[in-house]
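Every chain is numbered from 1 and lettered A, B, ... according to where its sequence line falls, protein lines coming before strand lines.
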Number of protein chains: 2
Amino acid sequence: MVQRQTRQKDAIREALRENDEFISAQDLHRWLEEHGTHIGLATVYRQLNALADAGLADTIRLDGQQLFRLCGDDGHHHHLVCVRCGRTVEIEPPSESWLRGIADAHGFTVESHTLEVFGLCPDCR
Amino acid sequence: MVQRQTRQKDAIREALRENDEFISAQDLHRWLEEHGTHIGLATVYRQLNALADAGLADTIRLDGQQLFRLCGDDGHHHHLVCVRCGRTVEIEPPSESWLRGIADAHGFTVESHTLEVFGLCPDCR
DNA sequence: CACATATTGATAATCATTTTCAATAAGAGT
DNA sequence: ACTCTTATTGAAAATGATTATCAATATGTG
């Protein structure tokens, strides 16, 4: 027995499915509360981290807190984030070979990378 | 009168000059302490943020804390960061036109962006 | 030198996130 | 359905980084 199914896990994944944009653990917890689903804050953090670790959720860091969003299982993505409303669009990643080339030039290995572009979306500009 | 020169500001800038790699406010505070210079932690945070706001220091976020490093005044840089020892190398940024092209395609403006590559440096791999 | 005020620093306050640990519940085996 | 092991939960406390407070200090201008 390695992994158990619980109403909390289901509720959290479902809540993420209904929230297209990146959302913080605190906000997701509040959202669940407002929708009549009480789940401990610690559990929300735990599941969100678990999803991120499993590669099922993407995370970005904005304004001192970590935001989460479900994503396909084809690795992580890069984003264009509206600094006013939080709207997010996935963008083309820089080519892996470009990254590797740069790292190789300095003798580094590549473990991970981040790329986020911040600006104003069409509605907010 | 808008800006005053103080021994604290000088000490912090000098300390940054002697630390090539990214360093956290806490660590810089400790470093100063170990070098016989006592400066309030709050002041270290204040100056570090002031330098970053002024564009004189680059910052990255690693492992839940913000790291600072002096940089030239020609805008911000991108980095290759060793996840073990913290060693950092500046890398070529993605071309501005590439960024703008992506943003334009979605109707976004570009206000800022981040790119960090994490891996192991030659000594740690 | 005097004065207005930028700056400092010790401490308290915030805030997000993690840990703790006893209580609960999933699910495998019977 | 019943038991038993243990994954999971949740409330509360702990942590850790960063920021706000505010009286005391120090800067530089007149």
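- In terms of heavy-atom proximity, B:Ala15 sits nearest to B:Leu32 at CB-CD2, 3.7 Å.
- The ring of B:His29 has its center no closer than 6.0 angstrom to the ring center of B:Tyr45.
- Axis angle between the ends of the helix from C:dC1-D:dG30 to C:dT30-D:dA1, five pairs each and rounded to 10 degrees, works out to 30°.
- To the nearest angstrom, C1' of D:dA11 lies 14 Å from CD of A:Gln8.
- The CG-P distance, from A:Asp27 to C:dT17, rounds to 10 Å in whole Å.
- The number of heavy atoms from other shown groups lying within 6.0 Å of CD (B:Glu18) is above 12.
- A pairwise comparison of heavy atoms in B:His78 and B:Glu116 identifies C-OE1, 4.5 Å as the closest pair.
- Of all the residues in residues 31-43 of chain B, B:His38, B:Ile39, B:Gly40, B:Ala42, B:Thr43 reach under 4.0 Å from DNA chain C with at least one non-hydrogen atom.
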Inset, instruction - Go through B:Arg87 and B:Asp123 one step at a time and tell me if the salt bridge (Lys or Arg N to Asp or Glu O under 4.0 Å) criterion holds. - result: CA-CA 10 Å; B:Arg87 178 169 159 191; B:Asp123 296 338; 3.3 Å; yes
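- The side chain of B:Arg7 places an N or O atom within less than 4.0 Å of a non-bridging phosphate oxygen (OP1 or OP2) of C:dG9.
- Counting to the nearest Å, the P atom of C:dT14 and the CD atom of A:Gln26 are 15 Å from each other.
- A donor-acceptor contact closer than 3.5 angstrom links the side chains of A:Gln66 and A:Thr59.
- For C:dA25, the OP1/OP2 oxygens have no side-chain nitrogen or oxygen of A:Gln5 closer than 4.0 Å.
- OP1 or OP2 of C:dT8 lies within a sub-4.0 Å distance of a side-chain N or O belonging to B:Thr6.
- In the hydrophobic clustering of ILVMFWY residues, with side-chain heavy atoms under 4.5 Å counting as a link, A:Leu41 and A:Leu51 come out apart.
- Enclosure of atom CD in B:Glu92 is not indicated, since only 12 or fewer non-hydrogen atoms of other residues, nucleotides or ligands lie within 6.0 angstrom.
- You'll find that the side chain of A:Arg4 is closest to D:dT5, out of C:dT17, D:dT5, C:dG9.
- One finds a side-chain N or O of A:Asn49 lying less than 4.0 angstrom from the OP1 or OP2 phosphate oxygen of C:dT18.
- Straight-line distance from the CG atom of A:Leu67 to the P atom of C:dA16: 11 Å, rounded to whole Å.
- Salt bridge present: A:Asp27 and A:Arg30 bring a charged side-chain N and a carboxylate O closer than 4.0 Å.
- Distances shown here put every side-chain N or O of A:Tyr45 at or beyond 4.0 Å from the OP1 or OP2 atom of C:dT18.
- A close approach under 4.0 Å does occur between a side-chain nitrogen or oxygen of B:Gln65 and OP1 or OP2 of D:dA17.
- At whole-Å resolution of the value, CZ in A:Arg61 and C1' in C:dA16 are 9 Å apart.
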